[in-house]
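Sequence lines set the chain letters: A, B, ... in the order given, protein chains first and strands last, and positions in each chain run from 1.
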Amino acid sequence: MKNQEVARIFNEIADILEIKGENPFRIRAYRRAAQNIDGLSRDVKDMSEDELRKIPGIGADLAEKIREYATTGALGFYEDLRKEVPSGLVDLLSVPGLGPRTAKMLFEKLGIKDINELERYAREGRLRGLPGIKAKTEENILKGIEMLKRRTGRFPIGRVLPIAEAIIDALLKETDVRQISVAGSLRRWKETIKDIDILAVSDNPSEMMNAFTRLPQCKEVLMKGSTKSSIVTEEGIQVDLRVVEEDAFGSALAYFTGSKAHNIRLREMAVKKGLKINEYGIFDVKTGRRLGGRDEEDVYRLLGLPYIPPEMREDLGEVEMAVEGRIPDLIGYDDIRGDLHVHTRDSDGSHDIEEIAGAAKARGYKYIAITDHSKSLGIARGMSAEEVVEQSKRIKAINKRLRGIRLLSGIELDIRSDGSLDYPDDILKELDIVVASIHSGFRQSRQQITGRLVSAMKNPYVSIIAHPTGRVIGEREEYDVDMDEFLRVARETSTILEINAYPMRLDLRDIYIKRAKEMGISFVISTDTHIDYQLDFIRYGIGMARRGWLEKGDVINTYSYNQLMKRLKYKRAQARPS
DNA sequence: GCCGTTTTCGGCCCGACTGTTTTCAGTCG
C-alpha cells in the first residue's frame with residue numbers, strides 16, 4: 001500500500017513549506033490531503049486520476065503528484081524541496097513547543113540543523129539572546145527534547161479504555177461531579193490512543209482538580225490549574241481533565257471529541273450559515289446571541305444536520321452523508337447476541353465447554369460457537385480430525401442439557417501455507433460453522449497470501465475468514481493481501497468476514513470494513529476468547545464496526561439463532577450445483 | 001493548493017496559552 005508513503009511525503013512537504021514560511025493555506029491543503037489519503041481503504045496506485053480527484057482535498061495538482069509518485073516511485077517537487085532544507089531541520093518540528101518559525105530562525109542565526117545540535121546549544125546557554133528567546137524558552141526547549149526522548153507513542157485502545165474508566169469511576173466516587181465523559185480519540189474508538197481526554201461538569205472544580213492529581217493512578221502531575229489539569233499514569237499515558245460550565249458541556253464535548261478535521265468541516269458550515277461554533281457554544285455572528293451548547297445534539301441541530309456518532313467523526317464523508325440526511329443507524333454496543341469465535345481447553349483455551357458457555361450466558365448471549373484450533377497449529381494443541389468429530393458429538397450432548405444458550409460446533413480451521421485446509425470436506429460439513437484463518441507464512445508474496453485466502457473462501461464449508469490481515473497492533477504488520485481481490489471473492493462466495501475484537505488485533509480494521517460494507521459483504525464481530533473475561537472484548541470490535549459505518553443488519557451475530565443458522569447454511573446452499 | 005446556494009477568484013476554523021512583549025508572535029489542539 002503506497003498510501004502511507006504518500007501521506008508521509010505530503011506531511012513532510014507541509015513541514016518544509018512551513019519552515020520556508022509559505023502560504024499557510026497551501027500547507028493546510030497538503031496536510032488535509034495527507035490525512036485523507038492515509039484514511040483511504042483503496043491503494044492510490046490503483047486509482048485513476050478521476051478517482052483521485054474525488055478524494056476530498058485532492059485537486060488537479062495533487063492528483064498529478066500522486067500519479068507521478070505511484071508510477072515512478074519518486075516525486076520531483078519533493079526531491080527539489082528537500083534540497084532546500086536540511087532533513088534534520090524538519091525533525092526539529094517534532095520537539096514540543098518548537099515550531100517552524102523558531103526552527104528557521106535557529107538555522108539562519110546559528111546554523112542549527114538537527115536535534116543534537118539544538119540540545120548542545122541549549123545546554124550551553126547559547127540560544128538566549130536570539131530574538132524572542134530568553135532563559136525560559138531555552139529551558140522549555142530542553143524540556144521538549146527530554147519529552148521527545150521518552151515519548152511512548154500510541155497505546156492500543158484495549159489498554160487505555162480501562163484506565164480511563166477507572167479514573168472516571170474514582171472521580172465519580174470522590175467528587176461532586178454532575179456530568180463526566182471521555183472525549184478525544186478514545187470516544188471515537190480509534191484503535192490506538194495517544195492520551196486520555198476527560199470532560200466534566202462540577203459545582204466544585206478545584207475539588208476535582210485536587211482529587212484528580214491525587215489519584216493512585218497518577219505518577220506525575222504535568223500541570224494543575226483551576227479548570228484544567230494533566231497527569232501521567234504509571235503506564236506513561238497522559239490524562240487531561242477539563243471542567244466546563246454545564247451550559248457548554250455539549251459544545252465542549254463536541255469540540256474535544258474531534259476529530260480536528262471533522263470540527264473544521266462543521267465550523268466551515270457554520271460560517272456559511274452566519275454561525276460561530278467554539279467550545280463555549282454555538283453563536284449567531286450578527287447578534288452575538290448564544291443559540292445552544294448544553295447538549296452535543298445542539299451543534300448538529302443548529303447546522304441543520306442529524307446527529308453524527310463520535311465513531312464517524314473523521315471527515316471521511318460523514319459530513320456529506322449528514323447533509324443528505326443519510327447517517328446510518330450504527331450497530332449498538334448491546335446488539336450482539338453471541339460470540340462466534342471461542343476457544344476451550346480442547347485446544348489452547350482455559351475453560352471447558354460448559355464453563356465458557358456459562359460465562360457467555362451470564363453476558364446475556366443466546367449462542368456461542370466453539371471454534372478450537374485445527375491440527376496444524378501444534379503450539380495451540382490443535383485438534384486432530386477424530387478429536388473434532390468427538391468434540392462435536394460432545395457439544396450436541398451438552399446442548400441437550402443447556403438452557404438459555406445454544407452451542408454451535410465449529411473449528412478455527414488453519415489455512416496451511418500451501419493454501420490447503422486442515423480437514424477434508426466430509427469432516428467440515430458435519431460442523432455448524434467453520435472459521436478459517438492464516439497462522440503461518442506471513443511473509444509470503446501478495447499473490448501467495450491472496451491465493452490462500454481465495455481458495456479457502458471458495459470452499460463451500462468455510463463460513464468465515466477470521467482476522468483477515470493478520471496484523472498485531474504495534475507488533476506485526478498486515479500480511480500482503482490484495483484487498484480488492486479478497487473482497488471481490490468474499491462477496492462472490494458469500495463468505496463472512498470477521499472483525500476480530502481482540503484489542504491487539506482489531507482485524508479487519510475500520511477502513512477495510514467501510515469498503516467491504518459498500519460492496520455488500522456480511523460481517524461477524526468475534527472476540528477470539530481464550531479465557532472468560534475476554535468475552536468482554538466484544539465492545540472493541542463493535543467500536544471498530546461503528547467506525548466502519550456498519551449497521552445492525554450487516555453483522556450476523558446480531559441475528560436470532562434461527563436467522564443465524566439460516567445465514568450460515570446460505571453459503572453452502574449457494575455453492576451446491578443445481 | 002482546494003473549492004464553489006457568496007462559482008473560476010478570493011476566500012480558507014477557532015481560541016487558549018506562553019513568553020516575550022508594551023500590543024504580539026508563535027505554538028498547540
Side-chain angles (χ1 to χ4, degrees), chain A residues 10-11 13-37 52-66 77-78 81 92-106 127-141 143-144 147 183-185 194-197 199 222-223 225-230 238 240 242 244 248 251-252 254-283 285 293 299 303-304 315 319-320 323:
Chain A
F10 280 6
N11 268 321
I13 288 174
D15 285 342
I16 297 173
L17 294 178
E18 268 198 305
I19 293 172
K20 289 182 66 189
E22 290 261 351
N23 176 359
F25 298 107
R26 188 180 176 208
I27 292 160
R28 195 181 115 184
Y30 275 99
R31 294 214 191 277
R32 177 161 187 239
Q35 208 200 349
N36 288 341
I37 291 166
L52 288 171
R53 291 196 57 172
K54 287 206 183 85
I55 303 168
I58 307 287
D61 183 273
L62 291 183
E64 175 52 35
K65 286 193 168 76
I66 293 168
F77 173 69
Y78 170 63
L81 215 48
L92 291 193
L93 301 183
S94 60
V95 177
L98 198 158
R101 309 302 297 267
T102 313
K104 185 183 185 195
M105 191 266 293
L106 292 170
L127 299 181
R128 59 189 75 176
L130 292 168
I133 296 186
K134 288 188 170 177
K136 187 77 183 175
T137 305
E138 202 172 69
E139 209 177 286
N140 283 343
I141 285 173
K143 265 192 203 163
M147 273 177 72
S185 53
K194 194 155 87 30
D195 45 32
I196 298 173
D197 288 302
L199 193 68
L222 292 179
M223 60 173 278
S226 58
T227 61
K228 180 187 167 181
S229 295
S230 297
Q238 183 174 332
D240 299 336
R242 292 176 178 83
V244 299
S251 46
Y255 177 81
F256 290 115
T257 297
S259 67
K260 188 175 170 176
H262 177 85
N263 286 348
I264 289 175
R265 294 297 305 280
L266 295 189
R267 290 193 208 121
E268 280 170 353
M269 283 188 71
V271 169
K272 286 178 185 150
K273 289 178 183 291
L275 302 172
K276 184 178 71 169
I277 299 176
N278 59 30
E279 58 265 54
Y280 301 108
I282 304 101
F283 302 87
V285 173
V299 176
L303 289 174
D315 191 23
V319 177
E320 290 77 0
V323 168

* To do: Identify, between V95(A) and V271(A), the residue whose nearest nucleotide on DNA chain B lies closer to the 5' end.
  => V271(A)

* To do: Identify whether any heavy atom of L266(A) sits under 4.0 Å from a base atom; if not, whether one sits that close to sugar-phosphate; answer base, sugar-phosphate or nothing.
  => nothing

* Asked: Expressed in angstrom and rounded to an integer, what is the separation of H262(A) atom NE2 from dC14(B) atom P?
  -> 15 Å

* To do: Using only side-chain N and O atoms of N140(A), determine if any of them is under 4.0 Å from OP1 or OP2 of dG19(B).
  => yes

* Structure fact -> Out of dC14(B), dG1(B), dG19(B), minimum distance to the side chain of N23(A) belongs to dG1(B)

* Report yes if some heavy atom in the side chain of S251(A) is under 4.5 Å from a heavy atom in the side chain of I277(A); otherwise report no. => no

* Asked: According to the interplanar angle, ranging from 0 to 90°, do the rings of Y30(A) and F10(A) count as parallel (below 30°), tilted (30 to 60°) or perpendicular (above 60°)?
  -> perpendicular

* To do: Select base, sugar-phosphate, or nothing to describe what P96(A) touches, counting heavy atoms under 4.0 Å on all strands.
  => sugar-phosphate

* Structure fact -> note: K228(A), atom NZ; dA16(B), atom P; distance rounded to Å ~ 12 Å

* Asked: How would you label the contact of P100(A) with the nucleic acid (heavy atoms, under 4.0 Å): base, sugar-phosphate, or nothing?
  -> sugar-phosphate

* Asked: Is the backbone N or O of L127(A) less than 3.5 Å from a side-chain atom of E138(A), with the two atoms forming a donor-acceptor pair by type?
  -> yes

* Return the value, rounded to whole Å, for the distance between atom CZ of R31(A) and atom P of dC12(B). => 20 Å

* Rounded P spacing from dC2(B) to dT6(B) in Å -> 23 Å

* Asked: When you measure from the side chain of E268(A), which nucleotide among dG26(B), dC2(B), dC12(B) comes out closest?
  -> dC12(B)

* What integer distance in Å separates F25(A):CZ from dC3(B):P? -> 15 Å

* Between R265(A) and E320(A), is there a salt bridge with N-O shorter than 4.0 Å? -> yes

* Rounded to whole angstrom units, what separation is found between the CE atom of M269(A) and the P atom of dT6(B)? -> 11 Å

* Asked: 5'-most contact on DNA chain B: L275(A) or T227(A), nearest heavy atom basis?
  -> L275(A)

* Which value, in whole Å, describes the distance between the C1' atoms of nucleotides dG10(B) and dT18(B)? -> 33 Å

* Is there side-chain contact between R32(A) and I264(A), with at least one heavy-atom pair below 4.5 Å? -> no

* **Nearest-neighbour nucleotide for the K136(A) side chain, dG19(B), dG1(B), dT21(B) considered** => dG19(B)

* Asked: Looking at K272(A), does any N or O in its side chain come under 4.0 Å of the phosphate oxygens OP1/OP2 on dG11(B)?
  -> no

* Y280(A) vs dA16(B): side-chain N/O to OP1/OP2 distance below 4.0 Å -> yes

* Asked: Is there a Watson-Crick or G-U wobble partner for dT8(B) with both distances under 3.5 Å, and which nucleotide is it?
  -> none

* Asked: Contact class for L98(A) vs. all strands (heavy atom < 4.0 Å): base, sugar-phosphate, or nothing?
  -> sugar-phosphate

* To do: Can you tell me, in whole Å, how much space there is between the C1' of dC17(B) and that of dC12(B)?
  => 24 Å

* So, are D315(A) and K260(A) salt-bridged, with charged N and O less than 4.0 Å apart? -> no

* For atom CZ of R101(A) and atom C1' of dC24(B), their distance in whole Å -> 13 Å

* To do: With the side chain of N278(A) defined as its heavy atoms from C-beta on, choose the nearest nucleotide among dG19(B), dG1(B), dG15(B).
  => dG15(B)

* Take atom C1' in dT5(B) and the same atom in dG1(B), then report the distance between them in whole Å. => 24 Å

* To do: Compare the minimum distances between each of dC14(B), dC12(B), dT20(B) and the side chain of T137(A), then state the nucleotide with the smallest one.
  => dT20(B)

* **For atom CG of N263(A) and atom P of dC28(B), their distance in whole Å** => 19 Å

* Between T102(A) and dT27(B), is there a side-chain N or O to OP1/OP2 distance below 4.0 Å? -> yes

* Asked: Which nucleotide, dT20(B), dG1(B), dG15(B), lies nearest any side-chain atom of E279(A)?
  -> dG15(B)

* Nucleotide dG26(B), atom P - distance to CE of M105(A) in whole Å -> 9 Å

* Does any non-hydrogen side-chain atom of R242(A) lie less than 4.5 Å from one of D197(A)? -> yes

* Would you classify V323(A) as touching base, sugar-phosphate or nothing, given that sugar-phosphate means primed atoms plus P, OP1 and OP2, and contacts are heavy atoms under 4.0 Å? => nothing

* **Rounded P spacing from dC9(B) to dA16(B) in Å** => 38 Å

